[in-house]
Protein chains: 2
Amino acid sequence: MKIAENTKAGSQLLSERLAASGLRPTRQREHVYRILLQRRGHPAAGEVFLRAKRDLPGISMATVYNCLDALVKCGLVRLVVLDRGATRYCPNMEDHCHYFCAECGAVFDVPLPANASLSAPRPKGFKIDHYELAVHGVCADCAGKRKK
Amino acid sequence: MKIAENTKAGSQLLSERLAASGLRPTRQREHVYRILLQRRGHPAAGEVFLRAKRDLPGISMATVYNCLDALVKCGLVRLVVLDRGATRYCPNMEDHCHYFCAECGAVFDVPLPANASLSAPRPKGFKIDHYELAVHGVCADCAGKRKK
DNA sequence: CTAGGTGCAAAAGGTTTGCGGTTAA
DNA sequence: TTAACCGCAAACCTTTTGCACCTAG
């Protein structure tokens, strides 16, 4: 199933999901969510803030964080941390892993096979919420540049 | 093979590995490495700093970061980021994943099966350096406390 | 001797917090 | 009406940087 990308479907999904978590839909949250959907590449809060300001000149950084947290809380967005730098946000909730280029910081989503599951033993009593698989390395572009 | 834990073997391994990366062995680096080996639980730089000060009262935060980076560079330690909080450091270089309790912040190492490998397609030309698999959830202790 | 490492202090990010004013239900 | 949310600014914490002094090879 494709992620809702047009405005109407996106807004409605957003409202429902927020409501389900006891959160309100607001112009800012809608905007932040749309930015995440449009911009593949897993932007960090700072980049989301800059883009959001284009349409909502008054928006503040604190609000961006509030919106991102709300989206994470209602299950529409995942938080992705890959290095010591800023946290990124990923609106793709399907099972996938992140290929991360340590050189340029690019992130590529790669879907995981439907049957993917962890066969390793788990700590006794540990309640799993979700997995996060990151593959660190160098992307094709950077590998090319490096040779020169 | 067990990780070198006694002082002599540890020091020697450390010297060799540092030298192999063109880095010098120093009292501080040795100390930081030993702290990481002794303290399971993947401490962050701040905690390493506090422990290091007990024996090396003059050590500075900048040096701790320098040491940690040196250890990462020479392949003795891995950097682990799990949330928006501070980066952690893991001296276990065997294939394993991290079970992370979102409630108390505890981290449990779980070895991966020897044949573990990723069957998913990778982005064209991407050169893989290493994987990082994190399982987010709630540990047994916290799950227990939560019920009350 | 000298490149590399250390300690200090200041700065640079990134994220969180408190508070008065605003808004969705 | 009112609890939730916003914008602002300051605080906070982690990490990086510049520089003078020290040390391993």
Side-chain angles (χ1 to χ4, degrees), chain A residues 11-12 14-33 35 42-74 77 79-89 102 105, chain B residues 11-12 14-33 35 42-74 77 79-89 102 105:
Chain A
S11 298
Q12 189 166 340
L14 177 60
S15 297
E16 284 169 12
R17 292 299 196 85
L18 284 170
S21 297
L23 298 164
R24 290 182 187 163
T26 67
R27 201 177 309 115
Q28 291 85 344
R29 286 175 181 169
E30 194 180 308
H31 226 84
V32 165
Y33 186 44
I35 287 168
H42 308 70
E47 191 186 333
V48 172
F49 176 56
L50 289 179
R51 301 215 156 246
K53 267 209 293 200
R54 302 223 274 243
D55 296 287
L56 269 41
I59 197 169
S60 74
M61 201 64 203
T63 297
V64 170
Y65 276 104
N66 172 333
C67 292
L68 291 169
D69 286 345
L71 293 171
V72 169
K73 203 170 296 172
C74 76
V77 165
L79 199 144
V80 182
V81 287
L82 294 164
D83 58 9
R84 292 206 278 225
T87 304
R88 296 142 175 276
Y89 298 85
Chain B
S11 298
Q12 189 167 342
L14 177 60
S15 297
E16 284 168 12
R17 291 299 196 85
L18 285 170
S21 298
L23 299 163
R24 290 180 188 164
T26 67
R27 199 176 311 115
Q28 291 86 342
R29 287 176 180 169
E30 195 179 309
H31 227 83
V32 165
Y33 186 44
I35 287 168
H42 308 70
E47 191 186 333
V48 172
F49 175 56
L50 289 178
R51 302 217 153 244
K53 268 209 293 201
R54 302 223 274 242
D55 297 287
L56 268 41
I59 198 170
S60 73
M61 201 64 201
T63 297
V64 170
Y65 276 103
N66 171 334
C67 292
L68 290 169
D69 286 345
L71 293 170
V72 169
K73 203 169 297 174
C74 75
V77 166
L79 200 142
V80 182
V81 287
L82 294 164
D83 58 9
R84 292 207 278 225
T87 304
R88 297 143 175 275
Y89 297 85

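Every heavy atom of this structure was used, including side-chain atoms; hydrogens, water molecules and symmetry mates were not. Sequence lines set the chain letters: A, B, ... in the order given, protein chains first and strands last, and positions in each chain run from 1.
- In terms of heavy atoms, A:L18 sits closest to A:P25 at CD1-CA, 3.6 Å.
- Here the side chains of A:T87 and A:L68 are not in contact, with every heavy-atom distance at 4.5 Å or above.
- In this structure, B:M61 atom CE and C:dG13 atom P are separated by 18 Å, rounded to whole Å.
- Nearest nucleotide to the side chain of B:L23, out of D:dT15, C:dT6, C:dG5: C:dG5.
- With hydrogens and angles left out, the side chain of B:R24 and the base of C:dA3 share a donor-acceptor pair within 3.5 Å.
- Rounding to the nearest 0.5 Å gives a distance of 5.0 Å between OH of B:Y89 and CG of B:L79.
- Regarding A:L68, its CG atom lies at a distance of 14 Å from the C1' atom of C:dT16, rounded to whole Å.
- Here D:dT14 presents its P atom at 16 Å from CG of B:D69, a figure rounded to the nearest Å.
- Nucleotides of DNA chain D nearest to B:R27 and B:Y65 differ in position, and the one nearer the 5' end is that of B:Y65.
- Contact annotation: A:T63 reaches the phosphate of D:dG7 (side-chain N/O to OP1 or OP2, under 4.0 Å).
- Distance OH (A:Y89) to P (C:dG14): 12 Å, rounded to an integer number of Å.
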Would you check, one step at a time, whether the test salt bridge (charged side-chain N to carboxylate O under 4.0 Å, His left out) holds for A:D69 with A:R29?
CA-CA 10 Å; A:D69 286 345; A:R29 286 175 181 169; over 6 Å; no
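- Residue A:R84 places none of its side-chain N or O atoms closer than 4.0 Å to OP1 or OP2 of C:dG14.
- In this structure, A:H31 atom NE2 and D:dC5 atom C1' are separated by 17 Å, rounded to whole Å.
- A 4.5 Å side-chain heavy-atom check between A:Y33 and A:R17 finds every atom pair outside the cut-off.
- As a whole-Å value, the separation of A:N66 CG from D:dC8 P is 15 Å.
- For B:T87, a side-chain nitrogen or oxygen approaches OP1 or OP2 of D:dT15 to under 4.0 Å.
- Taking 4.0 angstrom as the limit, A:Q28 places a side-chain polar atom (N or O) nearer than this to OP1 or OP2 of D:dG7.
- Closest to the B:I59 side chain, of the nucleotides C:dG5, D:dC6, C:dG7, is C:dG7.
- Rounded to an integer number of Å, the gap from B:D83 CG to D:dC13 C1' is 13 Å.
- Between B:T26 and the phosphate of C:dG5, there is no side-chain N or O to OP1/OP2 separation shorter than 4.0 Å.
- In this structure, A:F49 places its CZ atom 11 Å from P of D:dA9, rounding to the nearest Å.
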